[in-house]
**Q** 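Here's a structure for you.
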Amino acid sequence: MNKPLSPSPSNFIRTIIDGDLESGKHKTIVTRFPPEPNGYLHIGHAKSICLNFGLARDYGGRCHLRFDDTNPTRDYEDYMESIKEDVRWLGFDWGEHLYYASDYFDQLYEFAIELIKQGKAYVCSLTQDEIREYRGTLTEPGRESPYRNRSVEENLDLFERMRKGEFADGEHVLRAKIDMASPNVVMRDPILYRIRHVSHPRTGDKWCIYPMYDFTHCLSDALEGITHSICTLEFENNRPLYEWILEQVFPEPHPQQIEFARLNLNYTVMSKRKLLRLVESGVVNGWDDPRLPTISGLRRRGYTPEAIRDFAERIGVAKANSVVDYALLEHCLRDDLNERAERTMAVLRPLKVVITNYPEGQVEYLEGVNNPQDPAAGTRQIPFTREIYIEREDFEEDPPKKFFRLAPGREVRLRFAYFIKCTDVIKDEMGNIIEVHCTYDPETKGGSAPDGRKVKGTIHWVSAEHSLPAEVRVYDHLFTTEDPNEGELLENINPNSLEIITDARVEPRMRSAKPFDRFQFERLGYFCVDPDTTEDRLVFNRTVPLRDTWAKVQKS
RNA sequence: UGGGGUGUAGCCAAGUCGGUAAGGCACAGGACUUUGACUCCUGCAUUCCCUGGUUCGAGUCCAGGCACCCCAGCCA
């Protein structure tokens with residue numbers, strides 16, 4: 001039995017690395033996370049980030065952050081900051097190793113010339129349509145370009161003039177000379193460089209020819225000394241090209257490309273295109289909408305980096321396409337928050353309770369435990385008064401079976417406070433319950449009865465006078481279907497994915513809450529302070545509800 | 001009659017030289033409980049896509065099928 005070289009769960013990539021380390025192929029490992037800065041990072045990227053940086057951490061190697069900015073037609077710079085912020089927030093550090101593919105443009109150009117000199121690349125002057133036509137189909141081989149046998153000198157000259165800007169976009173491309181009959185379409189003389197008279201956010205107008213992904217990526221990896229270049233499954237077909245290019249121009253050892261299955265989660269979408277569509281159509285409010293699986297959305301929703309890292313670890317790494325249950329993500333979150341979130345009481349849908357035998361104007365401060373999982377979190381004083389609010393759903397005039405909250409004649413415990421018994425139900429002329437009258441037992445202060453009598457239910461409450469008003473945003477899945485990729489995207493939107501409650505009440509201690517602070521509202525769930533919060537308006541997001549066995553009982 | 005991948009429970013996923021199916025989530029019971037939370041117990045694949053074969057023994061090896069995913073951007 002081999003001793004595992006790392007603490008994390010076994011997966012095929014670790015097996016490969018263990019082998020490379022044991023065989024002496026590598027002394028240390030170097031990985032990289034190479035986003036194209038053209039969108040916001042999402043939980044799928046988090047899987048890759050945790051994988052790459054996690055591997056580097058566990059094996060004592062390093063992980064580079066490299067922006068893949070080879071195609072300057074997009075608005076790169078805007079996204080770079082958010083990507084760096086998200087990686088940092090997730091808890092990873094690239095140290096000095098921040099790179100840009102565009103940093104290698106000079107070297108890449110030299111490698112291209114080397115390929116030409118070897119007679120393994122040529123300038124092709126077919127039009128875009130012609131190139132497609134010559135490429136053949138999946139089942140039929142392609143045909144060789146009539147420009148395929150240009151002399152090295154002519155290719156060198158043409159490529160140089162391409163670089164100098166003598167040609168218009170699309171007039172020529174540089175292609176690798178491989179095999180137009182290859183069953184792998186990627187190998188049918190792939191394009192290495194194209195002409196684009198566009199300035200690049202980092203290199204300005206220095207270049208009007210830009211390298212393609214396949215040419216850039218393998219060489220960037222090699223230049224940085226990457227040992228294991230981990231990417232997603234769709235690049236499997238590109239691996240022969242990745243290796244081919246390095247074999248022609250780069251000395252060994254070469255980085256090894258390894259593909260794994262990207263993350264899919266049910267009830268949400270992960271593609272940049274679809275995310276963009278949701279944002280642009282206004283279905284959600286920006287990239288950091290708490291209903292989105294973007295890192296910024298999850299952060300605003302109240303997710304912790306620890307929970308996301310734990311999730312990334314639990315889902316594993318494999319090559320089989322799969323769809324992970326959203327419930328696992330939520331489980332990881334609750335697991336983390338349960339340990340760290342301070343508890344507080346909040347009433348989302350207030351129902352006034354008047355404790356008729358409690359002295360008017362009296363205020364008592366009762367002690368509440370801040371976190372039963374963590375004694376160091378201490379206690380707080382909670383004001384108790386004659387009039388309080390309780391959750392509307394904690395009272396039933398005609399209680400169903402197994403309901404052990406408040407009902408006429410029933411006694412319950414107010415958390416950290418007293419036992420109260422319902423004596424009257426006050427209704428308006430429409431028959432709606434507007435108030436409940438109770439009596440309290442002064443002997444039960446703190447929540448326990450000296451006579452040893454028990455109550456089945458404990459409910460949360462808040463002082464009517466002292467509590468603060470708050471807005472609470474309650475979220476549900478953005479989509480009603482498990483796989484929103486099926487069918488028309490916008491037709492599967494859950495109309496109830498956001499419920500805004502404007503008249504919630506929270507404990508007075510929340511006056512000092514700051515954006516992104518996280519709490520457990522007892523018996524309800526975990527909530528965090530939204531940055532929309534202002535001096536006179538508290539806004540909370542429901543991060544995730546507590547598990548609710550009672551809700552399940554009711555359904556059945 | 002193109003090529004490259006992948007199939008282990010409802011969902012992820014481990015499974016080393018073939019030695020008698022880890023773990024997590026979900027779910028279902030029960031215990032505990034001043035959160036119907038947490039925690040703790042218990043249950044949850046006689047079988048690994050199918051069919052044959054090799055073997056004392058197959059999820060692991062061999063052969064043949066089947067299903068699903070990816071590839072024909074001057075995107076990545």
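Letters A, B, ... are given to chains in the order of the sequence lines, protein chains preceding strands, and every chain is numbered from 1.
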**Q** What's the closest nucleotide to the side chain of A:Lys402 if the choices are B:C71, B:A37, B:G36?
**A**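 From the listed options, B:G36 comes nearest.
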**Q** What's the CD-C1' distance between A:Gln373 and B:U33, to the nearest Å?
**A** 12 Å
**Q** Measure the distance from CG on A:Asn11 to P on B:A14 and round it to the nearest whole Å.
**A** 7 Å
**Q** What verdict does the side-chain hydrogen bond (donor to acceptor under 3.5 Å, both in side chains) test give for A:Glu36 and A:Asn38, after you've listed the backbone C-alpha separation in whole Å, the side-chain angles of each residue and the deciding distance to 0.1 Å?
**A** CA-CA 6 Å; A:Glu36 182 187 10; A:Asn38 70 343; 3.2 Å; yes
**Q** Taking 4.0 angstrom as the limit, do A:Arg262 and A:Glu234 come out as a salt bridge?
**A**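 Between A:Glu234 and A:Arg262 there is a salt bridge, with a charged N closer than 4.0 Å to a carboxylate O.
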**Q** A:Met162 CE to B:C74 P: how many Å, rounded?
**A** 13 Å
**Q** Looking at every strand, decide which applies to A:Leu126 at a 4.0 Å heavy-atom threshold: base, sugar-phosphate, or nothing.
**A**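 Base: the residue A:Leu126, judged by heavy atoms under 4.0 Å, touches a nucleobase.
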**Q** Could you tell me whether A:Ser322 contacts a base, only the sugar-phosphate backbone, or nothing, with contacts defined as non-hydrogen atoms closer than 4.0 Å?
**A** sugar-phosphate
**Q** Specify the separation, in whole Å, of atom CZ of A:Arg143 and atom P of B:G2.
**A** 21 Å
**Q** Could you work out the separation of B:U54 and B:G64 based on their C1' atoms and round it to a whole Å?
**A**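 One C1' to the other, the span is 15 Å.
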**Q** Whether the A:Arg523 and A:His460 side chains hold a donor-acceptor pair (N or O, under 3.5 Å, no angle test) is what I'd like checked.
**A**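 Yes, side-chain donor-acceptor contact under 3.5 Å.
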**Q** Say we look at B:G7 and B:C25: how far apart would their P atoms be, to the nearest angstrom?
**A** 23 Å
**Q** Across the strands shown, which category fits A:Phe404 at heavy-atom distances under 4.0 angstrom: base, sugar-phosphate, nothing?
**A**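 The answer is base, as A:Phe404 lies within the cut-off (heavy atoms under 4.0 Å) of a base atom.
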**Q** Which sits closer to the 5' end of RNA chain B, A:Asn321 or A:Asp335, going by the nucleotide each is nearest to?
**A** A:Asp335
**Q** Grab the CD-P distance between A:Glu130 and B:G73 for me, whole Å please.
**A** 15 Å
**Q** Could you walk me through whether A:Glu160 and A:Tyr109 pass the side-chain hydrogen bond (donor to acceptor under 3.5 Å, both in side chains) check?
**A** CA-CA 10 Å; A:Glu160 164 75 6; A:Tyr109 181 73; 3.1 Å; yes
**Q** Rounded to the nearest angstrom, tell me the gap between atom CD in A:Glu259 and atom P in B:G4.
**A** 14 Å
**Q** Any donor-acceptor pair under 3.5 Å linking the side-chain atoms of A:Tyr122 with those of A:Asp189?
**A** yes
**Q** Within 90° of 0 counts as syn, otherwise anti: where does B:G73 fall?
**A**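 Syn, since the glycosidic angle lies within 90° of 0.
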**Q** Please state how far atom CD in A:Glu342 lies from atom P in B:C38, giving the value in whole angstrom units.
**A** 20 Å
**Q** On RNA chain B, does the nearest nucleotide to A:Thr15 precede the nearest nucleotide to A:Thr444 from the 5' side, or the other way round? Give the residue.
**A** A:Thr15
**Q** Rounded to whole angstrom units, what separation is found between the CD atom of A:Glu486 and the C1' atom of B:C68?
**A** 13 Å
**Q** Could you tell me whether A:Arg453 and A:Glu411 have a side-chain N and a carboxylate O separated by less than 4.0 Å?
**A** yes
**Q** Check every strand shown and say whether A:Thr127 touches a base, only sugar-phosphate, or nothing at a heavy-atom separation below 4.0 Å.
**A** base
**Q** Each nucleotide in nucleotides 19-31 of chain B should get exactly one letter: B, S or -. Can you fill that in based on protein heavy atoms under 4.0 Å?
**A** -----SSSS----
**Q** Would you measure the distance from the C1' atom in B:G3 across to the matching atom in B:G52 and give it in whole Å?
**A**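 Their C1' atoms lie roughly 28 Å apart.
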**Q** Applying side-chain hydrogen bond (donor to acceptor under 3.5 Å, both in side chains), run through A:Glu247 and A:Tyr242 and close with a yes or a no.
**A** CA-CA 9 Å; A:Glu247 274 161 26; A:Tyr242 182 103; over 6 Å; no
**Q** For the pair A:Tyr193 and A:Phe159, name the ring-plane relationship: parallel under 30°, tilted 30 to 60°, perpendicular over 60°.
**A** perpendicular
**Q** Please state the C1' separation for the pair B:C66 and B:C49 - nearest whole angstrom.
**A**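 Looking at atom C1' only, B:C66 and B:C49 are 7 Å apart.
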